[in-house]
Amino acid sequence: ATIDMIDPTKPHPTQLLGVDLVVWRDGEGKWNVFEDKCPHRLAPLSEGRVEADGTLLCAYHAWRFDGDGKCTSMPQASTKSEEERIKANVRSCAFTRPTMEAQGLVWAWGEGGKEAELEARMTPPLLVPEIEGVGKSGRAPGGGFRNHWQMRDLPYGWTAFFENAIDPAHAVVSHHTLVGSRYDDPAGFQCVVERPMTGAGGFRCALDPAVPPFNTIGKYDAETSYDFQPPALLKIDWRHEGGRFLTSHYCVPTRPGWCRHYVATVAQRNPEAGNAIRLHRWFKLNLFTLTSPGWLTHVLGPTFLHQDMVLLHQQEKIIAQGRGQDIAQQWKDQVFTPSTADKMTLFFYKWFEKNGPIEWAPGMDQMPPIERDASKLFDTYEMHTKYCTHCQGALRNTEIATAVTAAVAGVKFFWVGASVVFTAALLGSGGEAGSLDVFDLARAVEPSAYGDLFSAVSLAITAVFLNGFA
């Protein structure tokens, strides 16, 4: 979870490896992750409340839990001693997961229990050193700047995400007009191994040359490397004499056929190299996300993701053919990858074949069918807005602005109509019935009424636009 996006006064449901979890902040300001079930009758704790005393209350029978998962209140007990006896029983505790906070994110271990606690303590988190030390201002070490975390649920799986994200050749084709041209920019390149593949370390490759969108064809003055660090991180490292952009993608497998994506970019400038970097296409593409408010970045970010969303959603189901756990073998048996541009994708599936498959919760390993209703795949509210306080605030303000604009437009339309009726009545009272001419009426209407009519139409159009935007 992204800390500055979620409301700390409420519990939030999420999933990891097919298990339902709840994320919440206790009275000490610490974020916690529990399995989303009360130990009493397994009701979802995400439907409960974070109380004023900093405990998580189950909405079914009002059992309360502290940040360590211990039951602190069981109001159905007949006596205080009975309550204390029940609370002392380990079965009254919530099912906790090892949890930590770092770099603006809440991290949870994939399992619970005492062994999981020990493993979590011994395993360093997969952090991005360049982000370390970034404050709310976005300032990063070394004169850098970091944009807001973006987060979205995606209707395709963990493997489909990395196969796509680690493939530079698709960018200018699938994301035509946003990052390049599908007709002019595709080009061949070699993948140069910078860090050999290992099970724990993944691999790192550089593009030779760094083709569009990282450069312009014929002018290769910037370098780009892809750094896959399992199990969840891909860093795209763009380097130019005038600066550096490091884009860090985290991808979390939530359930089969779905994942949750987090991304942030750190920019570093070299003032001594002048302003040539400002004219570079990759600088221009990243400048918007680095300078826009969080809610605007979140609103427009899906435009990029939507461009190949249907492709990826269907592709993995076509490859899996109902055998989701064998997707590495299925992919190898069916695809045709003759070009060096596919090398990093081949590396990824070779790594996954040796280190996979994903260990889903029991009974949760089946790939869902293809969703043919594209509107469900593009539902930004369900996949992002309902989790994000930035966008909820922007949506609320937009809805208020829509209502106010529509109301003012209605008042102005009424005023214009009343002016016309009043003028017509005055003209009618001074002449014979039926002799009123529409052109006479138009000339007689106060000139200010035409200004009000123009304002009313403009406001109505604005209200329609805002409604569509919301």
Side-chain angles (χ1 to χ4, degrees), residues 17-18 153-176 182 185-191 193 196-199 202-205 207 211 226-234 236 249 251-261 304-361 363-374 376-378:
L17 300 172
D153 289 329
L154 299 174
Y156 45 85
W158 180 90
T159 53
F161 173 85
F162 279 112
E163 175 190 343
N164 174 258
I166 212 165
D167 170 30
H170 91 282
V172 294
V173 180
S174 296
H175 303 293
H176 176 67
R182 65 168 68 103
D185 286 332
F189 58 90
Q190 301 292 323
C191 291
V193 176
M197 181 191 304
T198 63
F203 56 88
R204 178 183 170 105
C205 293
L207 309 185
V211 293
Y226 281 63
D227 189 345
F228 171 60
Q229 300 180 21
L233 176 62
L234 173 65
I236 301 177
H249 299 268
C251 179
V252 178
T254 50
R255 64 185 189 272
W258 287 82
C259 64
R260 179 166 287 186
H261 173 225
F304 181 86
L305 295 172
H306 285 176
Q307 286 187 298
D308 56 7
M309 186 173 288
V310 174
L311 294 174
L312 297 172
H313 171 76
Q314 295 192 20
Q315 177 209 25
E316 71 169 352
K317 279 78 174 176
I318 294 170
I319 292 172
Q321 296 183 355
R323 295 166 56 193
Q325 289 297 79
D326 295 328
I327 196 166
Q329 185 64 43
Q330 292 284 88
W331 188 89
K332 187 170 68 172
D333 290 345
Q334 298 179 75
V335 302
F336 176 55
T337 53
S339 168
T340 56
D342 296 314
K343 188 173 181 179
M344 276 194 289
T345 305
L346 290 167
F347 278 176
F348 169 71
Y349 272 104
K350 185 178 181 181
W351 178 90
F352 186 60
E353 186 179 19
K354 292 181 177 179
N355 298 279
I358 295 174
E359 296 184 6
W360 299 107
M364 288 291 294
D365 58 353
Q366 294 301 309
M367 187 77 73
I370 292 174
E371 175 57 69
R372 300 292 181 180
D373 184 353
K376 294 181 180 178
L377 304 180
F378 298 149

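Source: prediction; values computed, not measured. Just so it is clear, the values below take in all heavy atoms, side chains as well, and ignore hydrogens, waters and symmetry mates.
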Residue pair [X] / [Y]: nearest heavy atoms and the distance that separates them:
X      : Y      : answer
Tyr226 : Pro168 : OH-CB, 3.4 Å
Ile236 : His249 : CD1-NE2, 3.9 Å
Pro186 : Val172 : N-CG2, 3.9 Å
Asn355 : Gly199 : OD1-CA, 3.6 Å

Interatomic distance, [X] atom [atom1] to [Y] atom [atom2] [nearest 0.5 angstrom]:
X      : Y      : atom1 : atom2 : value
Ile358 : Met364 : CD1   : CE    : 12.0 Å
Gln330 : Ile319 : CD    : CD1   : 9.0 Å
Lys317 : Ile327 : NZ    : CD1   : 9.0 Å
Gln307 : Leu312 : CD    : CG    : 11.5 Å
Gln314 : Glu371 : CD    : CD    : 10.0 Å
Leu154 : Thr254 : CG    : OG1   : 9.0 Å

Do the non-hydrogen side-chain atoms of Cys251 and Leu234 ever get within less than 4.5 Å of each other?
no
Contact between Pro155 and Trp258 at the side-chain level, heavy atoms closer than 4.5 Å - yes or no?
yes
For Glu353, all residues meeting side-chain hydrogen bond (donor to acceptor under 3.5 Å, both in side chains), sequence neighbours excluded:
Lys332
For Gln329, give me all partners under side-chain hydrogen bond (donor to acceptor under 3.5 Å, both in side chains), at least two apart in sequence or on another chain.
Asp333
[X]: side chain to side chain contact (heavy atoms under 4.5 Å, CB included) partners, not counting sequence neighbours:
X      : result
His306 : Arg152, Pro302, Met309, Phe378, Thr380
Gln229 : Leu126, Arg195, Asp227, Leu233, Lys235
Lys354 : Lys350
Pro369 : none

Using the salt bridge (charged side-chain N to carboxylate O under 4.0 Å, His left out) criterion, which residues pair with Asp185? Sequence neighbours excluded.
Arg281
Suppose we screen for ring-ring contact (aromatic ring centres under 6.0 Å, His included). Which residues come up paired with Trp351, at least two apart in sequence or across chains?
Phe228
Do any side-chain atoms of residues 156-164 form donor-acceptor pairs under 3.5 angstrom with protein atoms, and if so which ones, sequence neighbours left out?
| unit_1 | atom_1 | unit_2 | atom_2 | d |
| --- | --- | --- | --- | --- |
| Trp158 | NE1 | Pro231 | O | 3.0 |
| Glu163 | OE1 | Tyr349 | OH | 2.8 |
| Glu163 | OE2 | Gln315 | NE2 | 3.0 |
| Glu163 | OE2 | Trp331 | NE1 | 3.4 |
| Asn164 | ND2 | His170 | NE2 | 3.2 |
| Asn164 | ND2 | Asp308 | OD2 | 3.3 |

Side chains of residues 338-348: which donor-acceptor partners sit under 3.5 Å, not counting sequence neighbours?
| unit_1 | atom_1 | unit_2 | atom_2 | d |
| --- | --- | --- | --- | --- |
| Ser339 | OG | Ala341 | N | 3.0 |
| Thr340 | OG1 | Phe189 | O | 2.8 |
| Lys343 | NZ | Cys191 | O | 3.4 |

